[in-house]
There are 2 protein chains.
Amino acid sequence: MARVPVDPLRLDQQLCFALYAASRAVTRAYGPLLEPLGLTYPQYLVLLVLFEGEPRSVRELGEALGLDSGTLTPLLKRLEASGLVKRKRDAEDERVVRVSLTRKAMALHETLQDVPRQMVCKFGGDPERPGDLADIARLREALHALTRRLEPPPG
Amino acid sequence: MARVPVDPLRLDQQLCFALYAASRAVTRAYGPLLEPLGLTYPQYLVLLVLFEGEPRSVRELGEALGLDSGTLTPLLKRLEASGLVKRKRDAEDERVVRVSLTRKAMALHETLQDVPRQMVCKFGGDPERPGDLADIARLREALHALTRRLEPPPG
DNA sequence: CACGATTCAATCGCATGCAATCAAAAAAAG
DNA sequence: CTTTTTTTGATTGCATGCGATTGAATCGTG
């Protein structure tokens, strides 16, 4: 069991770079699926949040995605320009903007159903094989755990 | 063993989002360490590549990091403006630009030695505990494998 | 009620990412 | 040796991310 000293700054030793590279690779892999639908990857994520419940305030979307208004406001304006979301000031509290889906977006929901399965294939897995799905689930949980440790809730 | 059908579009089911969120969380975690040194995270990565061998052409840097000249050219100009790298057209082949480190950058190399250890702590691990380092290594390898599957070499 | 603190979205500035295009240089074809 | 193709980096345009600031609305407290 020889202990070989390793340069701690070597790129291929960095978890951060592995994450950075994998994240960009996955985002790129979504491109061919989303671009024909007129969606970017972050826009797709916003729709996923809204599919789970509407309407959502900009703050709620930001909490779900870890993005701030500086990123979300222009992104939402583009989604609005695409006819996929509506933005409306809350009458009760004029500070908040409630974002909801259009009919067009709800129709997109059907089209998007197949996207995750296609992505599993791109990941090199078989969507029919439980083992492959379990591998993905394990990796996903490890990443969520890492994110939680880096961003402790404001408790 | 009840099989509960799960909405495949649920955000917390997406490996892509786990990656996306974790990558941004890690990049943010580097901020406090790099900002005092006048570095951004991608600039830090470029320096890591150069620490492993100089000079490097823009193409070589791009291959190592998975970035193209559209990203690297302005980034390298900023690193040059910071006095950390030199850029010089190759006399043999006027197409290539060779990027090398300045004395200032080599001095930075010393300062950066401790960064990876500090990051392990932020990840919630103990740099002295081999088990924690092994966990990080496993996650890193899983991510590298995913990236490779998504970007098969042009063979 | 007054008023300072807080919340919320928008705006601004800067630094990526990345596709598409360009121009120059070099290599390959003929 | 000339033409064509390829390689390499730069440039442009667009869409994020994100810190910092702003401005409006609301809340908390006295």
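Because the structure is predicted, anything quoted here is derived from the model rather than measured. Throughout, protein chains are lettered first and strands after them, A, B, ... in sequence-line order, and every chain is numbered starting at 1.
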Within one Ile-Leu-Val-Met-Phe-Trp-Tyr cluster: B:Leu67 and B:Leu47, side-chain cutoff 4.5 Å =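 Linked, B:Leu67 and B:Leu47 end up in one cluster.
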
Flag yes if B:Phe123 and B:Leu19 sit in one hydrophobic cluster, no otherwise; membership is Ile, Leu, Val, Met, Phe, Trp, Tyr, and two members link when side-chain heavy atoms are under 4.5 Å apart.
->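 Yes.
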
Write down the distance between [atom1] ([X]) and [atom2] ([N]), rounded to a whole number of angstrom.
X       : N      : atom1 : atom2 : answer
A:Glu63 : C:dT7  : CD    : C1'   : 12 Å
B:Leu76 : D:dG9  : CG    : C1'   : 11 Å
A:Arg56 : C:dC8  : CZ    : C1'   : 17 Å
B:Arg89 : C:dA23 : CZ    : C1'   : 10 Å
A:Glu80 : C:dA9  : CD    : C1'   : 14 Å
B:Asp90 : D:dG9  : CG    : P     : 10 Å
A:Glu35 : C:dG17 : CD    : C1'   : 16 Å
B:Leu61 : C:dC18 : CG    : P     : 16 Å

So, does A:Arg140 use its side chain to make a donor-acceptor pair with the main chain of B:Gln13 at under 3.5 Å?
->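 Indeed, once roles are kept as given, a pair shorter than 3.5 Å links the two residues.
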
Give a yes or no on whether the backbone of A:Val96 and the side-chain of A:Asp90 come within a donor-acceptor separation of less than 3.5 Å.
->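 No, because the side chain of A:Asp90 does not come within donor-acceptor range (under 3.5 Å) of the backbone of A:Val96.
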
Looking at A:His109, A:Glu110, A:Arg117, which hits side chain to side chain donor-acceptor pair (under 3.5 Å) with A:Gln113?
->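 Filter result, single survivor: A:His109.
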
Contact check, side chains of B:Val46 and B:Leu72, non-hydrogen atoms, under 4.5 Å |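 In contact.
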
Examine D:dA10: is either OP1 or OP2 under 4.0 Å from a nitrogen or oxygen in the side chain of B:Arg87? Give yes or no.
->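 Result: yes.
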
Side-chain N,O (B:Lys77) to OP1/OP2 (D:dT11) below 4.0 Å =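 Checking D:dT11 against B:Lys77, a side-chain N or O does come within under 4.0 Å of OP1 or OP2.
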
Going 5' to 3' through nucleotides 16-28 of chain D and flagging B where a protein heavy-atom sits under 4.0 Å of the base, S where only the sugar-phosphate is that close, and - otherwise, we get SBBB-----BS--

How are the rings of B:Tyr30 and B:Tyr41 set to each other: parallel, tilted or perpendicular (split at 30° and 60°)?
->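 B:Tyr30 and B:Tyr41: tilted rings.
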
With sugar-phosphate meaning primed atoms plus P, OP1 and OP2, does B:Arg98 contact a base, only sugar-phosphate, or nothing at under 4.0 Å between heavy atoms?
->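 B:Arg98: no heavy atom of the nucleic acid under 4.0 Å.
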
